[in-house]
Amino acid sequence: MNNDFPTTAKVIVIGAGIVGNGVVGHLAQLGWRNIVQVDKGPLPNPGGSTGHASNFIFPVDHNREMAALNLDSQRQYIEMGVNTECGGIEIARTPQRMEELRRRMVSAKNWGIPARLVTPAEIKEMVPFINTEILLGGFYTPSVSVVDSLRAGTIFREQAQALGALQTFANVEVSDIEVTDGRVTAVVTDHGRVEADHVVICVGVWAPKLAAMAGTQIPLTPAVHQMIDVGPIQVLEESGKELGFPIIRDMDTFCYERQSAGSMEVGSYAHRPIFIAAEEIPSIKESRLSPTELPITMDDFDPQLEQALELMPEILGTAEIKYAINGLLSLTPDGFPLIGEVPDVRGLWSACAIWIKEGPGAARMLAEWMTHGQPEVDPHHSDIARFYPYARNDSHVRARCAEHYQKTYGIIHPREQWASERGVRTAPYHDRTEALGAVYFLAGGMERPHWYESNAGLVDTFGVQDRPHEWDRRWWSPIIDAEHLAMKDSVGMVDLAPFVVFEFSGAGTVDYLQRLAVNNVDVAVGKSIYTPLLDVNGGFRTDLTMLRLGETTYRVMTGAFDGPRDAFWFRKHLPGDGSVHFQDLTSAYVTIGLWGPNARSVMETLTASDVSNEGFLYGTTQEVLFGSIPVRLFRISYVGELGWEIYALTENARAVWDKVASAGQAFGMVPVGAGVYGTTGRLEKGYRLMGSELDGEYTVVEAGLARPKVKAADFSGKQAYLAHRAEEPAATLCSLTVEDHLSRRDGINRYMVGGETITTLDGDRIVDRKGRVSVVTTAGSGPSVGKFLLLAYLPPDHAIVGTDLQVYYMDEYYPVKVVVAGATPLYDPTDARMKS
Amino acid sequence: MNSVRPGEIRTGEVMAIVEHDRGVTADVTYQALGLARSLLAAGVGSSITAVLIGAEADGLAADFCVYGATAIVQVHHAELKDYAPEAWGEAISGLVASRRPVAVVAIGTDRGNEVLAYASARLDVAFAANVIEITAVGEASVSLTRLRWGGSLLEQSRLIGSTYILSGAAHAFDGEPSPDHVGATPTTEIVDATLSGNAARTRIVDRVTLAAGITLTTAPVVVSGGRGVGSADGFSPLQELAELLGGAVGCSRVVTNNGWRPHSDQVGQTGKRVAPELYIACGISGAIQHWVGMMASKHVLAINTDGDANMVGKAEYAVIGDLHEILPAVIEEIRKRRGQPAPPSV
Amino acid sequence: MRILVCVKRVPAPGAHITLTADRAAIDTKNLGFTTSPHEECAVEEAIRLVDIHGGEATVMTLGPAEADEQLRYAVSVGIVKAVHVTHPSLTGEADWDPQATARALAEVISRIEAADGVFDLILFGNESADAGGFQVGVRVAHTLGRPVVNGIKAIDVGDSPGERTVTAKRESASGFEVYSLALPAVLGVKEGLNLPRYPTLPGRLKSKRAEVAIHTIEPVPGGLLTEHFANAADPVVNTTVLGSGSAAAPAIVDLIERLGLL
């Protein structure tokens, strides 16, 4: 059946589910030709997750990137004529869930998705057979839809074939992926070998198997998601439609109920995590239905039967269970897809762990990425390069997936910390911080103190206010604000061990870094450079700090969350001639911060070197000795105070920590956590954070980081950057204060957590001329300025100091005021304290 | 259990039960003699006796010489008029008790398996159903291959017993006259069976004859539908095509489970076995339980949207596409070639 | 009426059966299990007969611990009592031979009948989907001294005063044969007898709470010893594709003509 099997191709796409089909469709539209697509199963349904998926789209997501993929996908399905709108209701049985639904109102508003909260009576009107006595209310999204993903896939392929761009071969199984010198060269199948420049893995649950062929990892695990079909149900049959009623998401029971002509499909995410290794997925021939429709383990579904019966007693009481499966889908450790170029194999791309609701959008994202080097939607969360090496193995994947599987419909706080895989990466002085009562959050999988319980007494000392609502104070402590004030009052020491450290050396280093950085890197030895790195569109790829240690030696520090993606970017752009040597020295160093008005006094007792303002200028770096221990100091401050980052080798780390702690005692130094370093300190100074304020969708100008001049040398994104400088910015990053925290509904003060909509006084969301919505990028206390602060991008007519606006939080509006338009710090605007 | 004790004498007789309904043989009947010949060839037994049960079968006696039987036993009893499973089984077990044959065989039809099951229950010996091959002979056992899953899986077993009771799978053994035996005249014997009072308690009390016509098992063409047909109404084009070709409509188990067609239309392990000249499988994926029901078809045409469904891979001919588009086109083409106008559309 | 249905737990395979490395068993790693198809109809029939005539239906199986699943499935569609006949040697896919099976079932049936009364009707599947032995029901009936007939596709229980009878139909080449058996009797039934219902949600939940009576019986092996398995050879076929879509219609009719069927 498969004659004329090719021997070469421009790109080989493995997989013909919704993702593989979307990828070939979009690649063809972007001008790619000589695309070869293979799947080991038949068409149109090769037997992967697409074939049995429930195919519905609930577009609202708290995460901007996922919401963008959902909406783009839905638009594509609509264009293809395979989208059927039916509406959806997320129902609440508990007060906590009602609060979460109010939170979803905010996200709906953010992304412009029509939605409203509904009462039990209104739910009853829309879905008469629901038992509303057990409900408190619901969140209704009229644009929820069901799609024909198989038909969509066929249309994608036909479009590509019509352009003469695509050959698709069903029933062709890949047995090997050849990699030479870190570059993919060919795919071996049971019908022959095909050489190609690019290979895209879109095989969903089989991805770990394919990745292993290429000598790499794609960190997902196949997992079971149970679903049953119950019917016939008269009221559903009488509707005369495939979907005559809105889909119900029973969030508190982690189930959904959706009509399927005369039957009701009930799906569950409530059962224990059930994982199966990719190698153990049965073949098509061995499966009674398909490889991803496994026999149900009914015991695991029984509790959900009870709950479904409770919810829809009349219709589910007499209907028969006609179809029941343990369906297979892909789970990733953090719940986000795996898209992009696989870090250790050039030319190998992944588009896996993608749901129907984001399929076409994810496919477009990958195709744009392959074509332009960067997709239109910033892929920060989906980038497969985001994982540290330790996080790519099966053990970690399963541990995290087991933890989050049952949170699929869960209420997840933005600051929520993992419970599994803790204590895996710790600083050498971990026992010291532990003894100080450190409350650890994970940064890059490393335990980092967020605040210290030993500082609890400071709360009263500084009169810090607590937050009355449980949600606002979750994963937070008033101790953070107290630490902030104590540090600014005297001095604090901060554990920053998770920093990611690179070192570059070799004759070509200066040119290489110059080509990547926006700002000039050719500074004097001993000086530092803060610079964004841009993508081809001029959006932020990352921002980081460089230290020139020698003529051709630079050290680069970047944040724990961006480390792996940044490492990928640097490696990708290394010159092929070996003139630049790149080392990841993250594990070689720890970083300890020492900041506060008394920081110099403390430092003077630690080292004999001249640490006066003249002897150690702000923004410079020197190697010194603490006793006999060599450390490197960098005079910089992300918290807006006088002080240094201290870099010590890991084998010296405990000794250095003890020395600094001891030296600080005389000044009442306190340990200070990342609650200050990452939020309160920087908020008051207006310091932007990659991933919060800075990402691919905003420009350097809009972020307020443009320098007066642009260096002459060429660099990645320069053309776009120059264009951005020439035009009127579409938005400006602003700092806002919350003027009144009182909730009319709850009668208590509410404190935002980030992600809220900034609205006009009429309650409308604010959209700039590039279509971007004003959303709070960071929210937190500004203890020194005595205000609660928000950062958000605002278009020019609102980005004016003094402007009154509102923030929409938990379905209520609170007055806010613009206090800074741009990058001027709110606290110590001239940076006098840092530079003293 | 009666196992063979060393030194116990069994005769070399292999008894082949002749299946008949009131004196009319079935198409597989003579395969029992083929199975018997296979046993001899393997070294089990030295002669073949054809067993005719009931006086109605007497007229068949003349046939058996060409099939290798050197003896014919006609078992008579008033209760053996017409088919009566318990009576037949009891008659057989009586013969075994008195004649001590080394083996008793029949073909594994409903009746064949049934009467041998009765006989072996009465004799308390083992019974192997649906054997396809005798692989080895031991001093006290026979190694054989029998069918599981209706034919998708082969079981290698050893049969131990004072008499080997086994049925042969239909069409696994030769039903043709044996060239070595033309011309020989078998001995004939009439045996009056001794039956218990229970023999009468399971007998046919009535027969219902359905309208003569094309049945699924006799149709030259079967147009069969599976999950891909989509609904009960979806079978209209299959029905129309079957009628045009003088064939019958069949279906897979999925279809009967969904209530789209009656079970009598089901082709498969738990449905009917068919062997038409042409089997047209429409929207059938080809699970093993279905395959065993139609694998004896002379020619198979698969129509499926999935170019690599199991059925397509096993079929001689295939057309890839939607059966709801293809069948009407085929029907139109047939009418055209026959010079028939299409009926008015409803 | 007191009705007993005997069922067997069998794998539910796809298009291909995989064997374990030693070929001694089927590899059931990814297979679901079900009640053998003929017996699903027997279960449905028992429920139907009890609905009409009153009384009670019991389901029984000889099988490993996992066969509890099939017993509870029968309860979930409406059978009231469940009996599990088992033995420690019955693990995984290990089957007992037909004589051993029938002996164990007959033993337990006798025990139950001694305590609770005779079963008017005992239903078996004509043969099990996997082993296809075609004999367990007949052997059990013989041991219990009851009439049995196989291949049944329609059952009617008469209510005439005096002797109770069951009228059972089975297919023949030209239509139906009708048998009449006096109760208590045994019948081997075939799929097509009825269209089995699926469990409802309450049925499923109820089945989890059902009490299953467990009887342990020592195996007495019979004379048919299974040694190993082999897959039936897949036919090697070079499929000729006649075309795609309705454009292939002429080619199809050419074939029909060539075969002399036009």
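Just so it is clear: chains get the letters A, B, ... in the order the sequence lines come, proteins before strands, and each one is counted from 1. Just the heavy atoms: all of them, side chains too, but no hydrogens, waters or symmetry mates, feed the values below.
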Considering only distance and modelled atom types, tabulate donor-acceptor pairs under 3.5 Å from the side chains of residues 132-141 of chain C, sequence neighbours left out.
{"unit_1": "C/Gln135", "atom_1": "OE1", "unit_2": "C/Arg139", "atom_2": "NE", "d": "2.9"}
{"unit_1": "C/Gln135", "atom_1": "OE1", "unit_2": "C/Arg139", "atom_2": "NH2", "d": "3.0"}
{"unit_1": "C/Gln135", "atom_1": "NE2", "unit_2": "B/Phe127", "atom_2": "O", "d": "2.8"}
{"unit_1": "C/Gln135", "atom_1": "NE2", "unit_2": "C/Gly133", "atom_2": "O", "d": "3.0"}
{"unit_1": "C/Arg139", "atom_1": "NH1", "unit_2": "B/Val125", "atom_2": "O", "d": "3.3"}
{"unit_1": "C/Arg139", "atom_1": "NH2", "unit_2": "B/Ser120", "atom_2": "OG", "d": "3.2"}
{"unit_1": "C/Arg139", "atom_1": "NH2", "unit_2": "B/Val125", "atom_2": "O", "d": "2.8"}

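- With respect to chain B, the highest number of heavy-atom pairs below 4.5 Å among C/Gly243, C/Ala251, C/Gly151 belongs to C/Gly243.
- Interface residues of residues 254-262 of chain C toward chain B, defined by a heavy-atom distance below 4.5 Å and sorted by number: C/Asp254, C/Leu255, C/Ile256, C/Glu257, C/Arg258, C/Leu259, C/Leu261, C/Leu262.
- You'll find the side chain of C/Val166 stays beyond 4.5 Å of the side chain of C/Asp120, heavy atoms only.
- No other option in B/Glu86, B/Arg253, B/Met295, B/Gln266 has as many heavy-atom pairs under 4.5 Å with chain C as B/Arg253.
- Only the backbone of C/Arg146 comes within contact range of chain B, judged by heavy atoms closer than 4.5 Å.
- The most heavy-atom pairs under 4.5 Å with chain C, out of B/Lys336, B/Arg111, B/His263, B/Gln289, come from B/His263.
- Of the listed residues (B/Leu147, B/Asn257, B/Thr215, B/Thr218), the greatest number of heavy-atom pairs within a distance under 4.5 Å of chain C belongs to B/Asn257.
- Interface check for chain C: of the options B/Thr202, B/Thr305, B/Asp206, B/Val330, the most heavy-atom pairs under 4.5 Å are formed by B/Asp206.
- For chain C, the nearby part of B/Leu301 is the side chain; its heavy atoms alone come within less than 4.5 Å.
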Distance-only donor-acceptor pairs under 3.5 Å for side chains of residues 219-231 of chain C, two or more places apart:
{"unit_1": "C/Glu227", "atom_1": "OE2", "unit_2": "B/Arg158", "atom_2": "NE", "d": "3.1"}
{"unit_1": "C/His228", "atom_1": "NE2", "unit_2": "C/Arg23", "atom_2": "NH2", "d": "3.4"}
{"unit_1": "C/Asn231", "atom_1": "ND2", "unit_2": "C/Ile17", "atom_2": "O", "d": "2.8"}

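- Contact annotation for C/Lys153: only side-chain heavy atoms (C-beta onward) come within less than 4.5 Å of a heavy atom of chain B.
- Of all non-hydrogen atoms in B/Ala126 and B/Ile160, the two that sit nearest each other are CB-O, 4.0 Å.
- Heavy-atom pairs under 4.5 Å with chain C peak, among B/Gly247, B/Ala315, B/Gly321, at B/Ala315.
- For C/His16 and B/Trp149, the ring centers sit 6.0 Å or farther from each other.
- Annotation for C/Lys169: atom NZ does not count as buried by contact number, only 12 or fewer foreign heavy atoms lying within 6.0 Å.
- Using a 4.5 Å cut-off between heavy atoms, C/Asn194 makes no contact with chain B at all.
- Residues of residues 32-40 of chain C that come within less than 4.5 angstrom of chain B, heavy atom to heavy atom, are C/Pro37, C/His38, C/Glu40 in numerical order.
- The candidate with the highest count of non-hydrogen atom pairs below 4.5 Å against chain C, out of B/Leu278, B/Val221, B/Asn130, is B/Leu278.
- Listed options C/Ala249, C/Pro13, C/Ala129 were ranked by heavy-atom pairs under 4.5 angstrom with chain B; first place goes to C/Ala129.
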